[in-house]
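These notes concern the structure reproduced below.
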Amino acid sequence: MKNRQLAIITGASSGIGLACAEKFAEGGWDLILIARRAEKLKLISTRLEKSFNVRVHAIELDVTQRESGDLLANYVTDNGLQPHLLLNNAGLAVGIDPIHEGRTDDWGRMIDTNVKGLLYITRAIAPIFVEQSFGHIINIGSIAGKEAYPGGNVYCATKFAVDGLTRAIRMDLVSHGIRVTQVAPGAVETEFSVVRFKGDHQRAEKVYIGFQPLSPQDVADAVWYCANVPKHVNINDMVIMPTAQASAGLIHKNL
Ligand code: NDP
Ligand code: 8X3
């Protein structure tokens with residue numbers, strides 16, 4: 001039997017990561033799912049294994065912890081797994097304060113998760129891809145990594161970092177036949193705004209009123225496309241927006 005393809009997805013317990021897990025499982029891929037909420041991850045894994053007859057490994061990891069990369073790499077090698085895809089999706093915004101009122105703890109969480117977390121996981125898996133001479137890294141960036149917007153300051157900086165890292169990592173790995181892609185969405189309705197507004201659901205819901213945001217499934221479709229083009233094709237960068245959103249800071253709302 002031909003080996004099934006295997007995707008590692010960080011931030012798979014909700015939103016875009018969860019939708020990608022569902023999409024790839026439906027497409028017959030085995031999965032390694034990563035997030036901090038172990039119970040949620042376990043339920044998702046069991047459901048996907050039953051529904052799609054694929055193998056799903058659930059690993060509780062906090063990507064902000066430097067050792068998370070080693071734990072993941074050891075899990076992969078100890079189990080003789082050969083990953084085809086790393087989807088660096090785990091990420092968050094915390095707060096939307098102007099710079100002079102910003103909280104350094106919020107800044108730290110964003111930098112540690114969106115930049116350092118992506119680096120730790122990539123540093124762990126890229127050598128495995130190099131050894132295999134195949135692999136694909138897809139980073140979830142954002143329109144906030146293409147354009148700044150008021151109050152976006154540090155979140156934007158982290159996503160600009162993802163944009164820059166995606167380009168640089170592609171150069172570092174091109175001679176090994178490894179593909180490197182960024183998918184950069186505009187507004188997607190997920191737990192993102194609840195996290196950004198620190199559990200204030202009412203404030204979070206207002207973000208998506210008056211227009212149709214992207215669904216996590218819309219983004220999963222884009223990621224699926226990038227992962228399944230022929231092997232000689234690399235999608236470098238895909239910006240995907242709601243039709244009602246013309247730029248990071250301009251959403252046309254019917255209110
Ligand atoms: P969600 O809040 O719904 O999902 C975020 C995921 O990241 C969760 O599974 C969460 O799991 C995981 N995560 C967060 N911190 C960590 C951590 N330290 N270690 C491991 N996992 C972590 O938001 P989205 O699905 O919207 O966000 C996914 C990505 O998409 C992010 O990188 C975000 O910046 C990006 N994005 C989102 C947009 C939007 O409008 N929603 C637009 C553009 C980009 P857990 O809490 O269980 O650890
Ligand atoms: C999330 C989209 O515009 O809220 O990356 O920053 S935005």
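Every number for a ligand or one of its atoms is a count from 1 in the order of the listing.
Between Ser13 and Leu18 the shortest side-chain heavy-atom distance does not fall below 4.5 Å.
Counting atoms of ligand 1 from 1 in the listed order, those under 4.0 Å from a heavy atom of Leu61 are 19 (N), 20 (C). Of all the atoms in ligand 1, the ones that sit under 4.0 Å from a non-hydrogen atom of Ala187 are 40 (O). The distance from ligand 2 to the heavy atoms of Ala144 drops below 4.0 Å at these ligand atoms: 6 (O). Using a 4.0 Å cut-off to heavy atoms of Ala12, the atoms of ligand 1 that qualify are 9 (O). Atoms of ligand 1 found under 4.0 Å from any heavy atom of Asp62 (numbered from 1 in listed order, with element): 17 (C), 18 (N), 19 (N). For ligand 1, the atoms lying closer than 4.0 Å to a non-hydrogen atom of Ser13 are 8 (C), 9 (O), 10 (C), 11 (O), 45 (P), 47 (O). Less than 4.0 angstrom separates some heavy atom of Tyr155 from each of these atoms of ligand 1: 33 (C), 34 (O), 36 (N), 44 (C). Which parts of ligand 2 touch Tyr149 is read off a 4.0 Å heavy-atom cut-off, strictly below it: atoms 3 (O), 4 (O), 6 (O), 7 (S). Set against the non-hydrogen atoms of Thr64, the atoms of ligand 1 under 4.0 Å away are 18 (N). Ligand-side atoms of ligand 2 in range of Ser142: 1 (C), 2 (C), 5 (O), range being under 4.0 angstrom from any heavy atom. Atoms of ligand 1 found under 4.0 Å from any heavy atom of Thr113 (numbered from 1 in listed order, with element): 15 (N).
Counting heavy atoms only, Ser14 comes closest to atom 1 (P) of ligand 1 of the residues Gly15, Gly91, Ser14. Between atom 41 (N) of ligand 1 and the options Val219, Leu87, Val188, Leu118, the minimum heavy-atom separation is to Val188.
In this structure, atom 22 (C) of ligand 1 lies nearest to the protein heavy atom Ala90 CB, 3.7 Å. Nearest protein heavy-atom contact of atom 25 (O) of ligand 1 is Ile16 N, 2.8 Å. Protein heavy atom closest to atom 23 (O) of ligand 1, with residue, atom name and distance, is Thr190 OG1, 3.4 Å. For atom 16 (C) of ligand 1, the closest heavy atom belonging to the protein is Arg36 NE, 3.5 Å. Ranking protein heavy atoms by distance to atom 35 (C) of ligand 1, first place goes to Ile140 CG2, 3.8 Å. In terms of protein heavy-atom proximity, atom 42 (C) of ligand 1 is closest to Gly186 O, 3.0 Å. The protein heavy atom nearest to atom 44 (C) of ligand 1 is Gly141 O, 3.1 Å.
Side-chain contact annotation: Thr166 with Asp163, donor-acceptor N/O pair under 3.5 Å absent. Between Asn114 and Thr158, the side chains place a donor N or O and an acceptor N or O closer than 3.5 Å (distance only, hydrogens not considered). Residues Asn139 and Thr181 have side chains that never bring a donor and an acceptor to within less than 3.5 angstrom of each other.
An N or O contact shorter than 3.5 Å is missing between Leu92 and ligand 1 by distance. Remark: ligand 2 and Gln245 share no N or O pair separated by less than 3.5 Å (distance only, no angle test). On a distance-only criterion, Pro185 and ligand 1 share no N/O pair closer than 3.5 Å. Between Tyr208 and ligand 1, no N or O atom pair is found at a separation short of 3.5 Å. Here's the thing with Gly11: one of its N/O atoms is less than 3.5 angstrom from an N/O atom of ligand 1. Inclusion of Val63 in the set of residues having an N or O under 3.5 Å from an N or O of ligand 1 is warranted.
Under the 4.0 angstrom criterion for non-hydrogen atoms, Ala19 is not in contact with ligand 1. Using a 4.0 angstrom heavy-atom cutoff, Lys159 counts as in contact with ligand 1. Residue Arg196 places a heavy atom under 4.0 Å from ligand 2. Distances from ligand 1 to the non-hydrogen atoms of Asn89 include at least one value under 4.0 Å.
We find the CD-CG distance between Glu26 and Leu48 to be 10.0 Å, quoted to the nearest 0.5 Å. Asp62 contributes atom CG, which lies 11.5 Å from atom OG1 of Thr10 (distance to the nearest 0.5 angstrom). One finds the CH2 atom of Trp224 at 12.5 Å from the CG atom of Leu87 (value rounded to the nearest 0.5 Å).
Residues Ala222 and Met238 share a closest heavy-atom pair of CB-SD, 3.5 Å.
No more than 12 heavy atoms of other residues, nucleotides or ligands shown are found within 6.0 angstrom of CZ on Arg66. In this structure, Asn53 places its CG atom where only 12 or fewer heavy-atom neighbours from other residues, nucleotides or ligands lie under 6.0 Å away.
Using a cutoff of 4.0 Å between basic side-chain nitrogens and carboxylate oxygens, Lys146 and Asp237 are scored as salt-bridged. Salt bridge absent: Glu189 and Lys206 never bring a charged side-chain N and a carboxylate O closer than 4.0 Å. Look at Asp105 and Arg109 and you find no salt bridge, because none of the NZ, NE, NH1 or NH2 atoms lies under 4.0 Å from a carboxylate O. A salt bridge does not link Glu60 to Lys42: none of the charged nitrogens lies less than 4.0 Å from a carboxylate oxygen. Taking 4.0 Å as the cut-off between side-chain N and carboxylate O, Glu191 and Lys198 do not count as a salt-bridged pair.
A cation-pi contact, defined as under 6.0 Å to the ring centre and within 45° of the axis, links Arg196 to Tyr155.
Aromatic rings from His57 and Tyr75 are positioned such that their centres are separated by under 6.0 Å.
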